Amino acid sequence: MRKRLVAGNWKMHGNLIENKNLLNAILPSLDKLPGADFAVCVPYPYLSSVQVLLQGTKVLLGAQTVSQHDKGAYTGEISVNMLKDFGCIYVIVGHSERRMLFGENNQTVAEKYIAAQKGNLVPILCVGETLEQRERGITEEIIKEQLKVVTELAGVESLKNAVIAYEPVWAIGTGKTATPQQAQDVHVFIRKMITAQNTQIAHELTILYGGSVKAGNASELFAMADIDGGLIGGASLIAEEFIAICRAV
Ligand code: PEP
């Protein structure tokens, strides 16, 4: 059985009080849900306070990006070991906002993925095409290239300790969701690509869908055979929405 996972990506939202209120509202419900893992990927300054709030619950802590470097003169950067100090289990790498707004490319994303795994963090590797790329019919080519750099540099075996999130850029924060079939098709493509290198790893790989998942569309997305959960942005900030999405998985 593949692991199912719902991870919230809080992006640059929240503050000490809002975070506490949000977690107080969701944790009692999530703790009663069997059969899946749940995580929240929070802004760096709140790792410590959220770590305390998550203690004794089944919700795991994650970060939203990480440096590819161990330590050194990298002003403003945060290392894997620093994230480990606060009990992080997951880290998102290659989110499209990092790629588009902060100049991350397939090479730097792969380096971050490798650094995360070296320090025993589980990378949630985001891949996905833009609207323009989808309209040009090159979705698979784009995803293939994004994944190829990682499997070439880190090896296909590395996927035993990773999660992939398919996030079509045109669906992130836009309210436009991929149809369940559109998402399923890309998930199958990803799994087939990995199957060509290792059937067992492909079979066991958790592949999340992300892009305007809401309480109202989560069940039909998660019902698809190759969608193993979700990476949730906006809806992870609304307690009832996030609880309903976690229930749907
Ligand atoms: C995301 O940021 O990874 C995401 C999927 O955002 P949203 O759910 O808001 O589209």
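Just follow the structure's listing: the first ligand is 1, and inside any ligand the first atom is 1. Keep in mind that what you see is a predicted model, and the values were worked out from it rather than measured.
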Which part of I172 is near ligand 1, with near meaning a heavy atom under 4.0 Å away: side chain, backbone, both or neither? both
Y209 side chain reached by M224 side chain, heavy atoms, under 4.5 Å: no
What atoms of ligand 1 come within less than 4.0 Å of a heavy atom belonging to S212? 7 (P), 8 (O), 10 (O)
G211 neighbourhood, listing ligand 1 atoms whose heavy-atom distance to it stays under 4.0 Å: 5 (C), 10 (O)
Between A235 and ligand 1, does any nitrogen or oxygen pair lie at a separation below 3.5 Å? no
With heavy atoms of A171 as the reference, note each atom of ligand 1 found under 4.0 Å away. 10 (O)
Is the closest basic N to carboxylate O distance between D37 and K58 below 4.0 Å? no
How far is atom 5 (C) of ligand 1 from its nearest protein heavy atom, and which residue and atom name does that atom have? E167 OE2, 3.1 Å
Looking at ligand 1, does any of its N/O atoms fall within less than 3.5 Å of an N/O of K11? yes
Ligand 1 atoms nearer than 4.0 angstrom to some heavy atom of G173 are 7 (P), 9 (O), 10 (O)
OG1 of T206 to CZ of R2, rounded to nearest 0.5 Å, is 7.5 Å
Donor-acceptor check, side chain of N217 to backbone of K214, threshold 3.5 angstrom: yes or no? yes
Side-chain ion pair, E204 and K3, N-O less than 4.0 Å: no
How far is atom 8 (O) of ligand 1 from the closest protein heavy atom, and which atom is that? G233 N, 2.9 Å
Of all the atoms in ligand 1, which lie at a distance below 4.0 Å from a heavy atom belonging to L231? 3 (O), 5 (C)
Heavy-atom closest contact (V91 atom, A116 atom, distance): CG1-CB, 3.7 Å
Can you pull out the closest protein heavy atom to atom 1 (C) of ligand 1? Residue, atom name and distance to 0.1 Å, please. H95 NE2, 3.2 Å
Between R99 and E104 (salt bridge meaning N to carboxylate O under 4.0 Å), is one present in this structure? no
Just jot down the ligand 1 atoms closer than 4.0 angstrom to any heavy atom of N9, in number order. 1 (C), 2 (O), 3 (O)
For atom 9 (O) of ligand 1, what's the nearest protein heavy atom and its distance? G234 N, 2.9 Å
Is A165 near ligand 1, meaning one of its heavy atoms is under 4.0 Å from it? no
Could you tell me whether the side chain of L237 reaches within less than 4.5 Å of the side chain of W10, counting heavy atoms only? yes
Is the shortest side-chain N to carboxylate O distance from K192 to D226 below 4.0 Å? no
